[in-house]
Amino acid sequence: MNELNGLIQQVAEKSKSLKSEVEEKAIQIETLQTKVNLLLSEKAELEEQVNELKQQLTQLSDNVISESTDTIFNNRIDELVREIDECIHHLKQ
């Protein structure tokens, strides 16, 4: 009978120990789930920022191309004005 009581005592202690471990694991799971949710939220925010930056980059690229084209046209206009001035100068002589 003493052996049976001893075994019952061991099982009870082991079950308490396992219950404590399960409770600790449950707390860890909750903590990790909270962290996962936070990281998912941060990921969504960062993806939104990336999309905004991509849009800005596209706009800046378009502006640079536009400004380059404008510069080329302005330079060509300046050249043509100089040629016209030169032609007028020759005509006056």
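Being a predicted model, the structure only gives us computed values, none of them experimental. Quick note: residue numbers are just sequence positions, from 1.
Connectivity analysis of hydrophobic side chains (ILVMFWY, heavy atoms under 4.5 Å, direct or indirect) links L4 to I8.
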Check: residues 73-90 side-chain donor-acceptor pairs under 3.5 Å, at least two apart:
from : atom 1 : to  : atom 2 : distance (Å)
N74  : ND2    : D70 : O      : 3.3
N75  : ND2    : T71 : O      : 3.4
R76  : NH1    : E79 : OE1    : 3.2
H89  : NE2    : Q93 : NE2    : 3.0

Donor-acceptor contacts, no H, no angles, side chain residues 31-50, under 3.5 Å, sequence neighbours left out:
from : atom 1 : to  : atom 2 : distance (Å)
T31  : OG1    : I27 : O      : 3.0
Q33  : NE2    : N37 : OD1    : 3.3
T34  : OG1    : E30 : O      : 2.9
N37  : ND2    : Q33 : O      : 3.3

Using atom types as modelled, flag every donor-acceptor pair under 3.5 Å from a side chain in residues 16-25 to any protein atom, sequence neighbours excluded.
none

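Put simply, CG on N5 and CE on M1 are 5.5 Å apart, with the number rounded to the nearest 0.5 Å.
Here Q56 pairs with L53 under the side chain to side chain contact (heavy atoms under 4.5 Å, CB included) rule; sequence neighbours left out. With sequence neighbours excluded, no residue satisfies salt bridge (Lys or Arg N to Asp or Glu O under 4.0 Å) with E13.
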